[in-house]
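Below: the structure, in structure tokens.
Counting from 1, the numbers follow the sequence of the chain as shown. In what follows, every heavy atom counts, from backbone to side chain, and hydrogens, waters and symmetry copies are set aside.
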Amino acid sequence: MQNKNPTAVIALGGHAFIRKGYRPTHEEHQIAARKIASILMELINRDYNLVITHGNGPQVGNLLLQNEHSPEEIPKQPLDVLVAMTEGSLGYIMQQAIINELRRRGIHRHVVTKITQVILDQHDPAFKNPSKPIGPFYTHEQALELQENHNWEMAEDSGRGWRRLVPSPSPLKVIQRHTIKDAAMQGHIVIAAGGGGIPVVKQIDQKTGDFSYVGVEAVIDKDLTSSLLAKQVGAELFIILTDVNRVFINYNQPDQKPLGALNIEMTEKYLDDGHFAMGSMRPKIEAVLDFLQSHGKRALITSPENLSKALQGVDGTHFVGTI
Ligand code: ADP
Ligand code: MG
């Protein structure tokens, strides 16, 4: 039975599962998941229907590294499968931590993780311009070899070595949107679209004109997928948790200023004025704007530690849509 509670979509940053400076061990993931689970209880206590999304950068990076180790013995897996693997592993760890926290508090709600496929446009120009560095660092020599033998696009990454670049096209549709929404509206806590979702495109059969979904070598920005999902499940509130309490203008400059509350027009202006860095804060702001422009009511960017204060309105950066 569907309830009448508002739905919140909450996106967890890539480092939510690993504390700064720690290795991504299973124990570390469990510690981080326990912490997130207890923070999420703020939203449970406020009777939100909840959809949780999360990043997977460090975890998928390690799977890519594993791929390189003994390819003769263990066949390499493509990127779409690796994303599915992290949705499964992080979903399980998160799910277990939330179930345990709910049990401790005597709250009767169910938790489910959805393996989530996200449709991309195969003609998206991003496929011709790989832009997202992923996985291990290589020497210049190795990079040339990989370029030659695997047809990988390689680029130097901020003086740290050479990395593989993959396309990062815009997400069009979440295939599992209906089951995610149905489960959330029944009060089940849903973990979905981990790592931005599994990238798939429609492959048309030239003879019949029919199509099949096929996985592709790409990664999808988790903030953009989260806002798409927030729209598709009719969320009222969209929260992005990252490692800053607030969004700033003139970030990292002597006159930096934290932002408290913004409407769509102010947000657009600051975005146009270049206050939000590409690849980090900019996609979050774009995701928030996309949500608000499609009738989303409220969005919030803050850190996990400050979620409670932000929900009380005394911290975080709040965004309001047109009412
Ligand atoms: P996540 O894993 O949560 O997606 P990111 O590193 O991609 O984290 O994005 C968060 C980072 O964005 C912050 O740590 C901060 O360094 C950076 N950032 C860039 N521009 C701004 C800004 N204008 N205000 C606040 N943080 C910003
Ligand atoms: Mg990010």
Side-chain angles (χ1 to χ4, degrees), residues 14-18 21-30 32-33 54-94 113-122 124 126-169 171 175 191 193-203 212-222 225 279:
H15 291 277
F17 287 96
I18 310 168
Y22 285 77
R23 292 182 64 223
T25 61
H26 179 50
E27 290 69 28
E28 178 58 23
H29 283 134
Q30 284 177 303
H54 60 86
N56 71 346
Q59 294 79 15
V60 85
N62 278 353
L63 289 177
L64 282 160
L65 198 56
Q66 243 170 41
N67 254 353
E68 306 290 307
H69 268 236
S70 43
E72 285 78 30
E73 235 174 301
I74 307 164
K76 287 188 185 190
Q77 301 298 319
L79 200 44
D80 53 321
V81 174
L82 300 184
V83 174
M85 286 163 77
T86 62
E87 284 195 349
S89 57
L90 293 174
Y92 154 58
I93 293 166
M94 194 71 235
T113 298
K114 303 268 185 182
I115 298 297
T116 313
Q117 293 144 275
V118 176
I119 306 172
L120 305 175
D121 174 4
Q122 67 183 125
D124 191 314
F127 278 111
K128 293 214 169 76
N129 291 300
S131 60
K132 176 90 182 156
I134 57 160
F137 291 88
Y138 300 96
T139 63
H140 189 211
E141 246 175 36
Q142 289 171 316
L144 290 175
E145 193 266 329
L146 289 163
Q147 212 153 5
E148 179 85 17
N149 297 335
H150 294 273
N151 227 353
W152 285 3
E153 189 91 16
M154 304 294 293
E156 217 280 325
D157 188 357
S158 336
R160 294 177 296 177
W162 288 73
R163 290 178 94 186
R164 178 178 174 196
L165 289 182
V166 293
S168 188
I175 295 188
I191 301 161
I198 302 163
V200 303
V201 297
K202 287 178 176 178
Q203 196 174 60
S212 315
Y213 292 115
V214 290
V216 288
E217 298 273 328
V219 293
I220 315 174
D221 181 89
K222 72 121 187 4
T225 300

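Scanning for side chain to side chain donor-acceptor pair (under 3.5 Å) contacts around Asp157 gives Arg160, Arg163, with sequence neighbours left out. Legend: residues meeting side chain to side chain donor-acceptor pair (under 3.5 Å) with Thr139, ordered by chain and number and at least two apart, are Gln142. Scored by the side-chain contact (heavy atoms from CB on, under 4.5 Å) test, Glu156 finds Trp162 as partners (sequence neighbours excluded). Legend: residues meeting side chain to side chain donor-acceptor pair (under 3.5 Å) with Thr86, ordered by chain and number and at least two apart, are Asn56. Take Tyr92 and apply the side chain to side chain donor-acceptor pair (under 3.5 Å) test, not counting sequence neighbours, and it matches Gln96. The side-chain contact (heavy atoms from CB on, under 4.5 Å) check on Ala32 picks up nothing, with sequence neighbours excluded. Looking at residues two or more places apart in sequence or on another chain, you find a side-chain contact (heavy atoms from CB on, under 4.5 Å) between Ile115 and Glu87, Ile198. Taking Met85 as the reference, Leu63, Val81, Leu82 meet the side-chain contact (heavy atoms from CB on, under 4.5 Å) condition, with sequence neighbours excluded. The ring-ring contact (aromatic ring centres under 6.0 Å, His included) search around Phe137 returns none, not counting sequence neighbours.
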message: Set out, in order, the CA-CA distance, both residues' side-chain angles and the distance that settles side chain to side chain contact (heavy atoms under 4.5 Å, CB included) for Val216 and Asp80, then state yes or no.
response: CA-CA 6 Å; Val216 288; Asp80 53 321; over 6 Å; no
Practice prompt. Please lay out, stage by stage, how Val214 and Val200 fare under the test side chain to side chain contact (heavy atoms under 4.5 Å, CB included).
Written response: CA-CA 5 Å; Val214 290; Val200 303; over 6 Å; no
The test is side chain to side chain contact (heavy atoms under 4.5 Å, CB included); show your working for Thr225 and Thr116 and say whether it passes.
CA-CA 11 Å; Thr225 300; Thr116 313; over 6 Å; no
Practice task
Under the side chain to side chain contact (heavy atoms under 4.5 Å, CB included) rule, what do Ile119 and Ile175 come out as? Steps first, then yes or no, please.
Solution key: CA-CA 7 Å; Ile119 306 172; Ile175 295 188; 3.6 Å; yes
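Rounding to the nearest 0.5 Å places CH2 of Trp152 at 7.5 Å from CD1 of Ile134. Note that the CG atom of Leu65 and the NE2 atom of His69 stand 4.5 Å from one another [nearest 0.5 Å]. Atom OG of Ser89 sits about 7.5 Å away from atom NE2 of His29, to the nearest 0.5 Å. Considering OH of Tyr22 and CD of Glu27, their distance stands at 13.0 Å, rounded to 0.5 Å.
Other residues, nucleotides and ligands contribute over 12 non-hydrogen atoms within 6.0 Å of the OH atom of Tyr213.
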Run the side-chain donor-acceptor check on residues 70-77: report pairs under 3.5 Å with partners two or more places apart or on a different chain.
{"unit_1": "Gln77", "atom_1": "NE2", "unit_2": "Pro75", "atom_2": "O", "d": "3.3"}

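Residue pairs meeting the salt bridge (charged side-chain N to carboxylate O under 4.0 Å, His left out) criterion with at least one partner in residues 140-154, sequence neighbours excluded, are absent.
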